[in-house]
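All residue numbers refer to positions in the sequence shown, counting from 1.
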Amino acid sequence: MLSRLILIMGLLFSQASLALPFDLPELQKFGDFDPSSLRRFFNEFTGAEPDFDREDRMVGEIEESVMDGDVEFLPLSKDREVFSIFMEADADTPKGGVILLHSRGYHANWSSTIKPLRVGLAEKGWHTLSVQMPVLDKNATYYDYVPIFPYAHERIEVAIDFYKQRGIDNIVLVSHGCGAHMSMSYFDKYGDDKINAYVGIGMGATDYKQKVIKRFPLDIMLKPVLDIYGEKDFPGVIRLSEARKALMDISGNKQDAQKVIKGADHYYKENGSSQVLVKTIDTWLSGLK
């Protein structure tokens with residue numbers, strides 16, 4: 001914690017004379033909605049809740065379809081549980097445990113991006129735990145999701161505890177799309193002390209004319225970060241890549257990296273792109289010391 005305080009104090013002095021490329025603009029009204037309220041109450045419980053009924057329906061539809069891995073229901077507060085899928089590493093000596101967070105409105109066994117990652121990384125020697133993230137109505141936008149980000153924090157915590165209880169200490173958080181927004185909000189509030197590395201896929205994805213509410217805390221993260229996106233990713237993800245890289249450079253971690261998957265879009269549906277994604281992540285993680 002002392003090293004984190006020293007880093008933050010240094011950043012406060014350096015940023016007094018440095019205009020970061022990720023300085024956030026004023027938020028314009030989106031229709032009749034003023035998104036500045038989202039910035040004022042970011043990471044606070046404001047009364048907005050996930051659509052638990054829809055989440056339960058989604059889980060009911062996919063639970064029986066899980067063929068690779070074991071279904072785990074991890075305990076949450078208020079007598080709730082979160083659906084997750086655990087897959088043991090295909091190795092005598094596992095490399096560690098990966099927590100996977102899916103994108104907005106999808107689920108823990110989502111066939112694009114998430115299932116290829118949870119199965120592919122297990123084949124590479126990693127335990128994988130894919131966790132169901134909070135959902136809203138299928139037409140909900142990024143601005144709709146921001147108020148429920150705090151509900152993702154507990155899910156990240158119980159996933160970390162799942163590995164800790166099994167004696168697995170090399171824990172990596174891998175998140176995609178809105179899952180990256182949720183993980184960034186977690187780090188913004190709690191720091192990254194409880195993990196060993198972070199991989200963000202397609203970071204910064206929002207909706208048309210909607211702006212990122214708060215700058216990602218990449219500049220104060222202490223653990224190695226891999227920022228990875230597709231060559232044909234969403235324009236916002238690509239446009240903000242330089243800003244994300246600048247923030248990572250401020251953190252000073254020489255193991256940080258930013259990589260582009262050629263030919264891939266945001267969902268890695270092109271032939272072979274998901275396999276390249278798996279290989280790229282495994283190669284980077286396996287090279288960390």
Side-chain angles (χ1 to χ4, degrees), residues 1-5 43 55 59 66 68-102 107-109 114-115 117-134 149-176 179-201 217-218 220-226 251 253 255-256 278 281-282 284-289:
M1 292 302 294
L2 179 60
S3 59
R4 180 181 295 280
L5 290 174
N43 263 351
E55 179 179 335
V59 169
V66 176
D68 300 294
D70 299 315
V71 170
E72 299 280 350
F73 284 91
L74 308 182
L76 298 175
S77 59
K78 298 183 179 180
D79 296 322
R80 290 199 62 87
E81 296 178 315
V82 58
F83 172 83
S84 305
I85 306 171
F86 175 62
M87 192 164 184
E88 291 191 358
D90 187 12
D92 293 333
T93 305
K95 299 175 181 178
V98 170
I99 298 168
L100 291 165
L101 309 184
H102 62 80
H107 54 74
N109 201 33
I114 294 301
K115 185 173 182 179
L117 280 171
R118 72 173 191 81
V119 175
L121 288 173
E123 292 172 348
K124 296 287 187 181
W126 297 89
H127 296 309
T128 63
L129 181 70
S130 182
V131 183
Q132 179 64 43
M133 290 289 97
F149 283 176
Y151 284 92
H153 300 169
E154 184 182 18
R155 300 181 186 216
I156 294 172
E157 289 278 354
V158 298
I160 293 171
D161 290 342
F162 175 88
Y163 280 130
K164 292 288 188 181
Q165 292 167 6
R166 287 158 177 75
I168 301 167
D169 294 320
N170 185 22
I171 300 174
V172 179
L173 185 61
V174 177
S175 58
H176 174 256
H181 284 297
M182 291 178 176
S183 60
M184 286 289 105
S185 75
Y186 171 84
F187 295 136
D188 180 78
K189 189 168 186 175
Y190 298 108
D192 59 350
D193 297 337
K194 293 186 178 182
I195 64 167
N196 296 76
Y198 174 73
V199 179
I201 306 168
L218 296 166
I220 58 173
M221 290 179 67
L222 302 179
K223 303 300 173 62
V225 173
L226 173 61
S251 75
N253 193 322
Q255 297 183 102
D256 286 356
V278 170
I281 293 174
D282 173 62
W284 180 76
L285 288 175
S286 299
L288 298 179
K289 298 179 181 179

Requested in this report: Starting from the C-alpha separation in whole Å, work towards a yes-or-no answer on side-chain contact (heavy atoms from CB on, under 4.5 Å) for D70 and M87.
Outcome: CA-CA 6 Å; D70 299 315; M87 192 164 184; over 6 Å; no

Query raised in the report: For the side chain of K95 and the backbone of K124, is there at least one donor-acceptor N/O pair under 3.5 Å apart?
Result: yes

Report summary line: In this structure, OH of Y186 is separated from CG of L173 (nearest 0.5 Å) by 8.5 Å

Requested in this report: Give a yes or no on whether the backbone of K223 and the side-chain of D192 come within a donor-acceptor separation of less than 3.5 Å.
Outcome: yes

Requested in this report: Would you name the heavy atoms of L218 and S251 that are closest together and state the gap between them?
Outcome: O-CB, 3.5 Å

Query raised in the report: Counting only N and O atoms by type, is there a donor-acceptor contact under 3.5 Å from the side chain of R155 to the main-chain atoms of L101?
Result: no

Report summary line: Rounded to the nearest 0.5 angstrom, the CZ-CZ distance for F86 and F162 is 4.5 Å

Query raised in the report: Given side chains that start at C-beta, do those of N109 and R118 come closer than 4.5 Å, heavy atoms only?
Result: yes

**Report entry** Separation of I168 CD1 from W126 CH2 (nearest 0.5 Å)
**Finding:** 11.0 Å

Query raised in the report: Do any N or O atoms from the side chain of Q132 and from the backbone of V59 form a donor-acceptor pair under 3.5 angstrom?
Result: no

Query raised in the report: Are the side chain of H127 and the backbone N or O of A89 linked by a donor-acceptor pair below 3.5 Å?
Result: yes

Query raised in the report: So with a 6.0 Å cut-off around CD of E88, is the heavy-atom count from everything else above 12?
Result: no

Query - Straight-line distance of D161 CG to I156 CD1, nearest 0.5 Å - result: 12.0 Å

Report summary line: Nearest heavy-atom contact between S185 and N43 is O-ND2, 2.8 Å

Report task. Would you sort out whether I281 and L226 count as a side-chain contact (heavy atoms from CB on, under 4.5 Å), showing the intermediate values? Result -> CA-CA 8 Å; I281 293 174; L226 173 61; 4.3 Å; yes

Query raised in the report: Taking the side chain from D282 and the backbone from L121, do they hold a donor-acceptor pair closer than 3.5 Å?
Result: no

Requested in this report: Please assess Y151 against L76 for the test side-chain contact (heavy atoms from CB on, under 4.5 Å), listing each intermediate value before the final yes or no.
Outcome: CA-CA 10 Å; Y151 284 92; L76 298 175; over 6 Å; no

Requested in this report: Mark yes when over 12 heavy atoms from residues, nucleotides or ligands other than K194 sit less than 6.0 Å from its NZ; otherwise mark no.
Outcome: no

Query raised in the report: Would a distance-only check, ignoring hydrogens and angles, find a side-chain to backbone donor-acceptor pair under 3.5 Å from Y190 to E157?
Result: no

**Report entry** Note, I99 side chain near I160 side chain (heavy atom, < 4.5 Å)
**Finding:** yes

**Report entry** Distance (rounded to the nearest 0.5 Å) between D188 CG and M221 CE
**Finding:** 11.0 Å

Query - Heavy-atom pair with the smallest gap, counting every atom of A91 and G125 - result: CB-CA, 3.9 Å

**Report entry** 4.5 Å side-chain heavy-atom contact, N253 and V225
**Finding:** no

Query raised in the report: Roughly how far, to the nearest 0.5 Å, is OG1 of T128 from NZ of K115?
Result: 11.5 Å

Report task. Compare every heavy atom of M133 with every heavy atom of A152, then report the nearest pair and how far apart it is. Result -> CB-SD, 4.1 Å

Query raised in the report: Do the ring planes of F149 and H181 sit parallel (below 30°), tilted (30 to 60°) or perpendicular (above 60°)?
Result: parallel

Query raised in the report: Given I201 and L117, is the side-chain contact (heavy atoms from CB on, under 4.5 Å) satisfied, shown in steps?
Result: CA-CA 11 Å; I201 306 168; L117 280 171; 3.7 Å; yes

Report summary line: Heavy atoms of S84 and L74 approach each other most closely as OG-CD1, 3.7 Å

Query raised in the report: Just by modelled atom types, is the A122 backbone N or O under 3.5 Å from a matching donor or acceptor in the D90 side chain?
Result: no

Query raised in the report: Taking all atoms of both residues into account, what is the closest heavy-atom pair of M182 and P134, and its distance?
Result: CE-O, 3.9 Å

Report task. Kindly indicate whether the side chain of E154, heavy atoms from C-beta on, has any atom under 4.5 Å from the side chain of V82. Result -> no

